[in-house]
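Written out below as structure tokens is the structure these notes cover.
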Amino acid sequence: MLFTQQRADVCSQNDIRLQRSTSIFDYGPPRTGLEQGHFSHIFLDDVAPVSEPESMIHISYFCLKKTVVVIAGDPMQLGPIIYSKQADKLGLGKSYLERRFYGIQGCEESGGSIPSLFNIIEASKVIEIIQELLGGGKLTNKDIGVIALFQLQVLKIQEALQRLHLSGITVGSVEQFQRRQTQVIIISTVSSTVKLNEIDRGHYLGILSNPRAFNVAITRARALLIIIGNPYIICKCKFLWNEL
């Protein structure tokens, strides 16, 4: 996190500070003398059992728009303990980490003889998320980018955005995002069956089994990374997605 109980650890010439989340209330900006935006990067580890408001407290203390926030954890582990049944029903029992990974049981469709596929259900979810993000009023169309595994999926998402008159949102393959970053990145893996994993490995088409493409895809977001896919399928790539 941010600080140790001994106040600070300075590693080399970099200001790197670690802190248990339970102590953040005692070491906020007034107590540390640090201004908001002091840190370029904030890492929240083991976020799965933490409620979303508790996660936001740490971020809101020190985060600016340019601050890079990384959240890590296992969304398949036990979530936050919520004593209010009503609050749990309304979503407080879902951690911020779990809410940012959308599990989709879709269906891949082929566009012809070429090794390219699309997933309409995933494409629809991408559009839904984009509308939700823009509805918050804090993001513009140019703040959002979409990476799709297959070119046909790229075309389907582009067509949907055009029908809704949502211009300025970049949709492309991993290669098209090689030297580009946006505030928010949505990754559409198109994955729903084991067969897709086999196609990907056989043709080296995308981010499921290509370590370099995988690395590019998950590092294009400045602030928020959203992954859409079937977690039971993409996690079969145990040296890539399963580690993530």
Side-chain angles (χ1 to χ4, degrees), residues 41 68-72 75 100-104 106-130 133 139 141-162 166-244:
H41 294 69
V68 177
V69 178
V70 179
I71 61 173
R100 293 296 91 186
F101 191 112
Y102 290 89
I104 297 292
C107 179
E108 303 105 7
E109 300 179 59
S110 174
S113 58
I114 60 172
S116 188
L117 300 171
F118 63 93
N119 187 322
I120 287 296
I121 296 179
E122 271 197 27
S124 299
K125 191 63 179 180
V126 169
I127 301 303
E128 178 185 329
I129 293 171
I130 289 174
L133 291 170
L139 293 172
N141 293 21
K142 293 183 179 180
D143 290 327
I144 302 173
V146 180
I147 298 176
L149 172 59
F150 290 96
Q151 188 60 33
L152 277 179
Q153 185 76 344
V154 171
L155 295 176
K156 294 295 181 182
I157 296 172
Q158 289 176 335
E159 291 171 359
L161 290 173
Q162 289 174 2
L166 292 174
S167 60
I169 297 174
T170 303
V171 184
S173 63
V174 181
E175 291 77 13
Q176 291 170 297
F177 277 85
Q178 177 71 37
R179 293 178 177 83
R180 177 179 299 179
Q181 287 186 318
T182 56
Q183 290 296 109
V184 178
I185 285 290
I186 303 171
I187 298 178
S188 175
T189 64
V190 195
S191 61
S192 285
T193 65
V194 175
K195 182 180 179 181
L196 177 56
N197 268 346
E198 296 171 350
I199 292 175
D200 185 56
R201 287 194 297 268
H203 295 88
Y204 302 99
L205 295 172
I207 57 180
L208 284 183
S209 59
N210 187 321
R212 293 184 179 180
F214 169 81
N215 182 67
V216 171
I218 66 171
T219 57
R220 298 304 91 192
R222 295 194 186 99
L224 176 62
L225 173 65
I226 300 174
I227 301 170
I228 303 175
N230 186 333
Y232 300 103
I233 299 302
I234 62 177
C235 285
K236 289 184 180 295
C237 298
K238 61 182 179 179
F239 296 113
L240 294 177
W241 293 95
N242 197 39
E243 292 297 322
L244 178 64

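Residue numbers start at 1 and run along the sequence shown.
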If you take all heavy atoms of Val126 and Ser188, which pair is closest and at what distance?
-> CG2-CB, 4.2 Å
Excluding sequence neighbours, so at least two apart, what forms salt bridge (Lys or Arg N to Asp or Glu O under 4.0 Å) with Glu128?
-> Lys125
Taking all non-hydrogen atoms of both residues, which atom of Gln183 and which atom of Arg222 are closest, and how far apart?
-> OE1-CD, 3.3 Å
Close side-chain approach of Leu139 and Val184, heavy atoms under 4.5 Å | yes
Would you name the heavy atoms of Gln178 and Val216 that are closest together and state the gap between them?
-> OE1-CG2, 3.7 Å
Nearest-0.5 Å distance, OG1 of residue Thr219 to CZ of residue Phe214 | 9.5 Å
Interatomic distance, Ser124 atom OG to Ile129 atom CD1 [nearest 0.5 angstrom] = 11.0 Å
Reported CZ-to-CZ distance for the pair Phe177 and Arg220, which is rounded to 0.5 angstrom | 9.5 Å
Determine whether Ile144 and Thr170 make a side-chain contact, defined as any pair of heavy atoms from C-beta on separated by less than 4.5 Å.
-> no
When rounded to the nearest 0.5 Å, the distance separating NZ of Lys156 from CZ of Phe150 is 14.5 Å
Determine whether Asp143 and Thr182 make a side-chain contact, defined as any pair of heavy atoms from C-beta on separated by less than 4.5 Å.
-> no
Partner of Ile147 under side-chain contact (heavy atoms from CB on, under 4.5 Å), chosen from Ile185, Ile227, Leu225, Thr189 = Ile185
Carefully, step by step, assess Leu133 and Leu224 under the rule side chain to side chain contact (heavy atoms under 4.5 Å, CB included).
-> CA-CA 11 Å; Leu133 291 170; Leu224 176 62; 4.3 Å; yes
Could you give the distance from OG (Ser167) to CG (Leu161), rounded to the nearest 0.5 Å?
-> 9.5 Å
Drop me the distance from Ile127's CD1 to Ile130's CD1, to the nearest 0.5 angstrom.
-> 4.5 Å
Show your working on side chain to side chain contact (heavy atoms under 4.5 Å, CB included) between Ile226 and Ile187 and close with a plain yes or no.
-> CA-CA 6 Å; Ile226 300 174; Ile187 298 178; over 6 Å; no
Which pair of non-hydrogen atoms, one from Ser173 and one from Val154, has the smallest distance, and what is that distance?
-> N-CG2, 4.1 Å
Leu117 vs Gln153, side chain to side chain contact (heavy atoms under 4.5 Å, CB included): CA-CA, chis, key distance, verdict = CA-CA 7 Å; Leu117 300 171; Gln153 185 76 344; over 6 Å; no
